[in-house]
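Numbering starts at 1 and runs along the sequence shown. In this text, all values refer to a predicted model and were calculated from it rather than measured experimentally.
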Amino acid sequence: DFTVRDVLTELPFPRTMKVLTIEGRHLKKAMAQQLNGSSKGPTGAYPHLSSNARLSYRLGSCSSDTIASNDDELISILTFTVDGVELCDRQKYNIAVTSFVADGNEGCSSWLESTRVHNTGWDELNLSCVLLKYLQWKRAIYPVLEDRVSRQK
């Protein structure tokens, strides 16, 4: 059973959700930036994808979607699909992230290339409240490792 304490331990900061419209090329860069710190261990920046999305990446190789971290670690996005279709660089996608990440924090400046979608229904909605309501509605969840984000060698 999940408790309010569990949710607040996992989401300790009062973050609101933001919906962004972003071109595929900037979305790929943003994912690489989020993976940048996560490659050494779990961080709050690790990307969480919808069930219809898959992303694979590699450390140490170079491509147009490669970023280098402060310690010269390279991260390349190899594939990024939504509904089985590869992202198009110029196509626009709607995504949801925390306000903290949308503001370019955690070293994720590519999110600043997006346009915010405003909706009074969610603009000030706290993420931990959304999760608590979901858990109340769902009643039972069964975590499964789906490899939505995978590291290739």
Side-chain angles (χ1 to χ4, degrees), residues 1-89 91 93-111 114 122 125-153:
D1 289 336
F2 282 101
T3 66
V4 171
R5 179 178 299 235
D6 294 326
V7 171
L8 294 179
T9 297
E10 201 54 39
L11 300 168
F13 305 108
R15 303 275 189 244
T16 56
M17 178 184 78
K18 296 297 174 193
V19 175
L20 309 175
T21 299
I22 189 168
E23 286 186 354
R25 63 192 172 116
H26 297 303
L27 181 53
K28 289 176 190 175
K29 289 265 190 202
M31 291 292 104
Q33 288 172 341
Q34 285 197 253
L35 286 163
N36 184 24
S38 302
S39 64
K40 292 180 181 64
T43 72
Y46 190 80
H48 301 279
L49 301 180
S50 298
S51 61
N52 64 333
R54 297 289 181 274
L55 180 144
S56 68
Y57 70 99
R58 179 175 295 140
L59 296 177
S61 59
C62 191
S63 76
S64 61
D65 300 315
T66 299
I67 65 158
S69 70
N70 293 338
D71 56 357
D72 295 321
E73 179 176 65
L74 299 175
I75 296 178
S76 296
I77 302 300
L78 302 176
T79 62
F80 193 170
T81 61
V82 177
D83 293 326
V85 177
E86 190 69 30
L87 258 68
C88 295
D89 284 348
Q91 184 172 333
Y93 299 88
N94 289 329
I95 55 112
V97 296
T98 65
S99 56
F100 184 76
V101 172
D103 289 340
N105 294 301
E106 294 286 347
C108 300
S109 59
S110 288
W111 293 123
S114 65
W122 68 59
L125 202 54
N126 190 303
L127 204 53
S128 56
C129 292
V130 172
L131 180 56
L132 285 169
K133 286 182 189 245
Y134 174 79
L135 292 172
Q136 288 172 340
W137 169 76
K138 191 71 172 172
R139 295 285 180 204
I141 60 170
Y142 305 97
V144 177
L145 184 60
E146 297 178 342
D147 289 328
R148 295 178 193 179
V149 178
S150 61
R151 179 177 163 186
Q152 306 298 312
K153 296 193 182 215

Discussion item. Pair Asn94, Thr21 - check side chain to side chain contact (heavy atoms under 4.5 Å, CB included), show working.
Written reply: CA-CA 5 Å; Asn94 289 329; Thr21 299; 2.7 Å; yes

Calculate, to the nearest 0.5 Å, the distance between atoms [atom1] and [atom2] belonging to [X] and [Y] respectively.
X: Tyr93; Y: Ile22; atom1: OH; atom2: CD1; answer: 11.5 Å
X: Glu23; Y: Lys29; atom1: CD; atom2: NZ; answer: 13.5 Å
X: Lys18; Y: Ile95; atom1: NZ; atom2: CD1; answer: 12.5 Å
X: Cys88; Y: Leu27; atom1: SG; atom2: CG; answer: 12.0 Å

Worksheet item: What's the verdict on side chain to side chain contact (heavy atoms under 4.5 Å, CB included) for Leu87 and Ile77, showing C-alpha distance, side-chain angles and the deciding distance?
Response: CA-CA 11 Å; Leu87 258 68; Ile77 302 300; over 6 Å; no

Fill in: Pair Tyr57-Val149, side chain to side chain contact (heavy atoms under 4.5 Å, CB included): steps then yes or no
CA-CA 8 Å; Tyr57 70 99; Val149 178; 3.9 Å; yes

Between [X] and [Y], what is the shortest heavy-atom contact and its length?
X: Lys153; Y: Arg58; value: O-NE, 3.2 Å
X: Phe80; Y: Ala53; value: CE2-CB, 4.5 Å
X: Gln34; Y: Cys108; value: CG-SG, 3.2 Å
X: Ser114; Y: Leu20; value: OG-CD1, 3.5 Å
X: Ser150; Y: Gln152; value: OG-NE2, 3.1 Å
X: Gln33; Y: Ser109; value: OE1-N, 3.1 Å

Worksheet item: Can you tell if the side chain of Leu74 reaches within under 4.5 Å of the side chain of Leu59, non-hydrogen atoms only?
Response: no

Mind checking side-chain contact (heavy atoms from CB on, under 4.5 Å) for [X] and listing every partner two or more places apart, or none if nothing turns up?
X: Thr3; result: Arg5, Asp6
X: Ile141; result: Phe2, Tyr134, Leu135, Lys138
X: Val4; result: Leu8, Leu132
X: Thr98; result: Arg15, Phe100, Val101, Leu127

Item to complete: Taking salt bridge (Lys or Arg N to Asp or Glu O under 4.0 Å) as the test, write out the residues that go with Glu146, two or more places apart.
Response: Arg148

Discussion item. According to side chain to side chain donor-acceptor pair (under 3.5 Å), who are the partners of Thr81, at least two apart in sequence or on a separate chain?
Written reply: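 Here no residue qualifies.
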
Worksheet item: Taking the side chain from Asn126 and the backbone from Ser128, do they hold a donor-acceptor pair closer than 3.5 Å?
Response: yes

Discussion item. Walk me through whether Lys28 and Asp89 qualify under salt bridge (charged side-chain N to carboxylate O under 4.0 Å, His left out).
Written reply: CA-CA 8 Å; Lys28 289 176 190 175; Asp89 284 348; 3.1 Å; yes

Worksheet item: CD of Glu10: more than 12 outside heavy atoms within 6.0 angstrom?
Response: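 Check fails, neighbour count at 12 or below.
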
Worksheet item: Would Thr79 and Leu55 count as a side chain to side chain contact (heavy atoms under 4.5 Å, CB included) if you check the C-alpha gap in whole Å, the side-chain angles of each, and the deciding distance to 0.1 Å?
Response: CA-CA 6 Å; Thr79 62; Leu55 180 144; over 6 Å; no

